[in-house]
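All remarks here apply to the structure that follows.
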Protein chains: 2
Amino acid sequence: MATRERKRRRGSRQAPLTGGDTRLSRASVARFSLYLRHLEMFGREGIETVSSGQLGDALRITDAQVRKDLACLGSLGQRGIGYPAAELIGALRRKLGIDRHWPTAVVGIGNLARALLRYRGFPQHGFRFVALFDSDAAKVGQRVEGLPVHAPADMPAVIAASGAELGIIAVPSEAAQETADALAAAGIRGLLNFAPVVLRLRRDVNLVSVDLAVQLEQLAFLVHLAGGE
Amino acid sequence: MATRERKRRRGSRQAPLTGGDTRLSRASVARFSLYLRHLEMFGREGIETVSSGQLGDALRITDAQVRKDLACLGSLGQRGIGYPAAELIGALRRKLGIDRHWPTAVVGIGNLARALLRYRGFPQHGFRFVALFDSDAAKVGQRVEGLPVHAPADMPAVIAASGAELGIIAVPSEAAQETADALAAAGIRGLLNFAPVVLRLRRDVNLVSVDLAVQLEQLAFLVHLAGGE
DNA sequence: GGATGTGAACGACTTCACAGCG
DNA sequence: CGCTGTGAAGTCGTTCACATCC
């Protein structure tokens, strides 16, 4: 028997993502938000029951996919009828963890941050902006969308006082890693990063990155490919 | 033999994505942009040759993954040595289709659009903003980042004159579908959509969507899960 | 009939393991 | 020896097909 010392994986291998009772795949979770949004729309139209087919049409995925996903939430569907919209919404909210408020801090008060602060979808889903930071002395002290801008040095105190648990990084790439470190040190538990940088974080700080340049390049690639034939 | 009339798939099933010579997976393409960015960084540091291990460490993926991906570009690697950075960069650019300019239009000149217009990563990768649109009469005629804002009614003429091939949708969700339709009708070949809506498009218009609320909800879910145990 | 829930088949992506070459 | 290139194995995600139940 050779020494089965597994080759050290860099970083942490994707944690298994055990969602309590049922195993939920990352892919399903990525769709939960979309189900939720569409169910809310259906709800506003007065629809009380939706079928996997309707949801699938809305998201442009198959009905089987929808059923597999929703099965993770328990047996909410009624055969021959469909799923009760209100119950589904509640179950999705609970599973996603947005059946509560998420106090959120934003670092880097540029146009992107302003766009996010003004976006009405966030408060609707429980996200509350509670603290803003910018390293530009000219911005510190100003109010943006009703919130004062603080200096990065005040992060520990302001974060603690505001109770922020999530952080949004909207600073230039050069400053992204140090911002992430500062937020992590201040006790933030999850980061949404918009800087085009691969951040290194302690394993207990969660990370979601959105790289806008990558998205646009994906698009260019698709068009390039389609145009090529 | 039952009538093998396949159940009508809604929308188009994911086209096979035949990248010319070698089959490239969507997942690989999604990483190409990242390889490119890191190679450019290595290049600026004066590094001329990189190994799959180095790139893997930078992106936090395995070296085998890197080699598999790069194999799609042809045999650029040199055994025992690594990959020549400059050649790789060129090959990636060509494969992604960003070895050229992409004239791009932006609709909805709010904070998000301003953030994008100002982002220096785009021009660096060949994206050129050539036309802006907003339905707000107060904005029409203004200049933003040096470009005049046009009325949506002028789309066909302005798009044609500017030669825009890509479009960025940064309008509120209510207006997203009609904006997409207008851009498609004006001859745009690819759309980057920021509205939290599932757009319907002709199959010959490519689409990439970025839903910021979904991303933040993903993050909340991860933290929720991590905190839950 | 109409819709869910689910094993089984399928396909896509990732990792392993190692041959091959500089 | 180091590092690439690649079949084979493994894992994950999607689709099919159908039993099941209202």
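The figures here come from the full heavy-atom set of this structure, side chains too, leaving out hydrogens, waters and symmetry mates. None of the values given here were measured: they were computed from a predicted structure. Proteins get letters first, then strands, A, B, ... in listed order; numbering begins at 1 in each.
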### Task
Look at Tyr83(B) and dG2(D) and indicate whether a side-chain polar atom (N or O) is within less than 4.0 Å of OP1 or OP2.
no

### Query
Would one find a side-chain N or O of Thr62(A) under 4.0 angstrom from OP1 or OP2 of dT14(D)?
no

Spacing between [X] atom [atom1] and [N] atom [atom2], to the nearest angstrom:
X	N	atom1	atom2	answer
Leu88(A)	dA3(C)	CG	P	15 Å
Leu70(A)	dT15(D)	CG	P	15 Å
Leu76(B)	dC3(D)	CG	P	18 Å
Arg26(B)	dG13(D)	CZ	C1'	14 Å
Glu87(A)	dT4(C)	CD	P	15 Å
Asp69(B)	dT4(D)	CG	C1'	14 Å
Asp63(B)	dC3(D)	CG	C1'	9 Å
Arg60(B)	dT15(C)	CZ	C1'	18 Å

Detail all sub-3.5 Å separations between protein N/O atoms and N/O atoms belonging to nucleotides 20-22 of chain D.
unit_1  : atom_1 : unit_2   : atom_2 : d
dT20(D) : O2     : Arg79(A) : NH1    : 2.4
dC22(D) : O4'    : Arg79(A) : O      : 3.4

Any donor and acceptor pair, going by atom type alone, linking the side chain of [X] with main-chain N or O of [Y] inside 3.5 Å?
X	Y	answer
Gln177(B)	Arg200(B)	yes
Ser28(A)	Leu24(A)	no
Trp102(B)	Gly97(B)	yes

#### Entry: Minimum-distance pair of heavy atoms, taken over all atoms of Ser52(A) and Arg67(A)
OG-NH1, 3.1 Å

Short N-O contact, [X] and [Y], less than 4.0 angstrom:
X	Y	value
Arg93(A)	Glu217(B)	no
Asp211(B)	Arg37(A)	yes
Arg100(B)	Glu165(B)	yes

### Task
Assign each of Arg31(A) and Gly82(B) to its nearest nucleotide of DNA chain D by heavy atoms, then name whichever residue's nucleotide is nearer the 5' end.
Gly82(B)

#### Entry: First of Ser52(B) and Gln65(A) reached from the 5' end of DNA chain D, by closest nucleotide
Ser52(B)

### Message
Over all strands shown, is Ser28(B) touching base, sugar-phosphate only, or nothing at heavy-atom distances under 4.0 angstrom?
### Response
nothing

### Message
If you apply the rule side-chain contact (heavy atoms from CB on, under 4.5 Å), what do you find for Asp69(A) with Tyr35(A), and how did you get there?
### Response
CA-CA 10 Å; Asp69(A) 285 343; Tyr35(A) 293 134; 2.5 Å; yes

### Message
Using the side-chain hydrogen bond (donor to acceptor under 3.5 Å, both in side chains) criterion, which residues pair with Asn206(A)? Sequence neighbours excluded.
### Response
none

What nitrogen or oxygen pairs link the protein and nucleotides 7-11 of chain D at under 3.5 Å?
unit_1 : atom_1 : unit_2   : atom_2 : d
dG7(D) : O6     : Lys68(B) : NZ     : 2.9
dA8(D) : N6     : Lys68(B) : NZ     : 3.3

